[in-house]
There are 2 protein chains.
Amino acid sequence: MAILQHETETKILDAAEKVFFNKGMSGARMQEIADKAKINKSLLHYYYRSKEKLFRAVFKSAFKKFAPKTIMILVENIPLFEKIEKFSSSYIDIFIKHPSIPLFVIYELNRNPKGIVNIIVDAIGTMEKNPVQGFKKSVYDEIKKGTIIEIDPRQLFVNMLSMCIFPIAGRVMIETIGFDRNKEEYNKFLKERKTEVSKFIINSIKK
Amino acid sequence: MAILQHETETKILDAAEKVFFNKGMSGARMQEIADKAKINKSLLHYYYRSKEKLFRAVFKSAFKKFAPKTIMILVENIPLFEKIEKFSSSYIDIFIKHPSIPLFVIYELNRNPKGIVNIIVDAIGTMEKNPVQGFKKSVYDEIKKGTIIEIDPRQLFVNMLSMCIFPIAGRVMIETIGFDRNKEEYNKFLKERKTEVSKFIINSIKK
DNA sequence: GTCTATAATGTGATAGAC
DNA sequence: GTCTATCACATTATAGAC
């Protein structure tokens, strides 16, 4: 039945996501994915011929969860401060909902840059027009207007990106060195960052 | 001979570092480590009984490359602005020299928090007195003096940490989305951050 | 200390029945 | 589509000669 087939496919992808997110490509085991999906290991191969192909499906799905919105905000034609507020808030919000994605993407991109870029291109069509250019343009506009200090837009962008992603990707590390291992406390801390990050940035660059 | 033994042990650890840093615990292969060290695979087991033990040695060595100095700066009794400048500059500098360490530590800590914390405790003696407290104290002192705005010291600390570590741990990702894949250009960009980060932070919090 | 050979197990993938 | 059984190979680890 078409519906059952679709259900199984979804069950597999959900299970595969959990395992790949936690263990990475090299640490993931097809058996564990099958167990989590409550199906036979052979069925994995029936639906996704190989571990590699299943991984690609998982990565692609993960990437689509945050990339389109992110890119849109970066190229949007709005004032810089608004762009920073919107980006930080949305970005942190998405990753509060999908906390395993940032480290997964960063790590796998390191492991095999070329292979992963192929998946990304497959996911969003093309990598040609760089969305970061949209952010740089906003920065130059404000510098010209004299509303912000002179700053290298690359530094500013990386600052913003770092403060949005790292507290999520490096959560276990941060909890280990500086916070009580209290899940709720850290979640509250992350929610506060949705406004804290943009305030911190704008404070620093506004004239 | 004692010297030869020491040499072999070092050769193994150097090779193991390269492989574990790049492939992680689960992706690393004992054969590859042996090949890189130009010795027989059995010798690995002669010197470090198991893959697990070799990994622990590598992690411990990696951790010692940055943790002692970092902790020292955080608890040092110096004014906040100086502490921020010193921390950012030293931290980024260390990781320019050892660029694979941050992602390695973050990833392996995620994979197996309890196991890794044991290694850390083994490396620095204890985790009891939290070095981040030293930073928080400096922040509260300045707030009381009225030299900086009122800010949650945890947010400030995580901002600083993020801007220091993420550009290194997430380098491949950042290069992929926003920079030309030019090694020298990015290295220059990182060196600039040694002063940019503290300027950015102090700009944001000073009254 | 260093090597060769091999054991023991884990793992991705396939064949074939139903 | 889903299962059982099994292959083929990779990988950690050990035994034993030198």
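All heavy atoms count here, side chains included; hydrogens, waters and symmetry mates do not. So that the names make sense, note that chain A is the first sequence line, chain B the second, and so on, each numbered from 1.
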- Rounded to the nearest 0.5 Å, how far apart are OH of A:Tyr107 and CD of B:Glu108? 6.0 Å

- Is any side-chain N or O of A:Tyr47 closer than 4.0 Å to OP1 or OP2 of D:dT2? yes

- Query: Under 4.0 angstrom, heavy atoms only, what part of the nucleic acid is A:Ala34 near: base, sugar-phosphate, or nothing?
  - Reply: nothing

- Using whole Å, report how far OH of A:Tyr48 lies from P of C:dA13. 15 Å

Considering only nitrogen or oxygen atoms on both sides, find all protein atoms under 3.5 Å from nucleotides 3-5 of chain C and state each distance.
unit_1: C:dC3; atom_1: OP2; unit_2: B:Asn40; atom_2: N; d: 3.1
unit_1: C:dT4; atom_1: OP2; unit_2: B:Asn40; atom_2: ND2; d: 2.9
unit_1: C:dT4; atom_1: O4; unit_2: B:Ser42; atom_2: OG; d: 2.6

- Write down the distance between CG (B:Leu44) and P (C:dG1), rounded to a whole number of angstrom. 15 Å

- Message: Checking ring-ring contact (aromatic ring centres under 6.0 Å, His included) between A:Phe135 and each of A:Phe87, A:Tyr140, A:Phe157, which is the one that passes?
- Response: A:Phe157

- Task: Ignoring backbone atoms, test whether A:His45 places a side-chain nitrogen or oxygen under 4.0 Å from the OP1 or OP2 oxygen of C:dA13.
- Result: yes

- Message: Rounding to an integer number of Å, can you tell me how far A:Met30 CE sits from C:dA13 C1'?
- Response: 8 Å

- d(B:Ile151 CD1, B:Glu142 CD) to nearest 0.5 Å is 13.0 Å

- Rounded to the nearest 0.5 Å, how far does CD1 of A:Ile168 lie from CD1 of A:Ile92? 6.5 Å

- Item | For atom CD of B:Gln31 and atom P of D:dA13, their distance in whole Å | 13 Å

Under 3.5 Å, sequence neighbours excluded: what are the donor-acceptor pairs made by side chains of residues 66-80 of chain A?
unit_1: A:Thr70; atom_1: OG1; unit_2: A:Phe66; atom_2: O; d: 2.5
unit_1: A:Glu76; atom_1: OE1; unit_2: A:Lys86; atom_2: NZ; d: 3.3
unit_1: A:Glu76; atom_1: OE2; unit_2: A:Lys86; atom_2: NZ; d: 2.8

- Note on the structure: What one should report as the nearest heavy-atom pair of B:Pro167 and B:Arg193 is CG-NE, 3.4 Å

- Check whether any side-chain nitrogen or oxygen of B:Arg29 sits under 4.0 Å from OP1 or OP2 of D:dT12, and answer yes or no. yes

- Task: Measure the distance from CZ on A:Phe55 to P on C:dT11 and round it to the nearest whole Å.
- Result: 18 Å

- Phosphate-side-chain proximity, B:Thr8 and C:dT2, N/O vs OP1/OP2 below 4.0 Å: yes

- Query: What integer distance in Å separates B:Arg49:CZ from C:dG1:P?
  - Reply: 16 Å

- Item | Whole angstrom value for the distance that separates C1' of D:dG1 from OH of A:Tyr46 | 5 Å

- Message: Could you tell me how far apart A:Glu7 (CD) and D:dG1 (P) are, to the nearest whole angstrom?
- Response: 13 Å

- Item | Test item: B:Ser198 side-chain N/O and B:Ile84 main-chain N/O as donor-acceptor pair under 3.5 Å | no

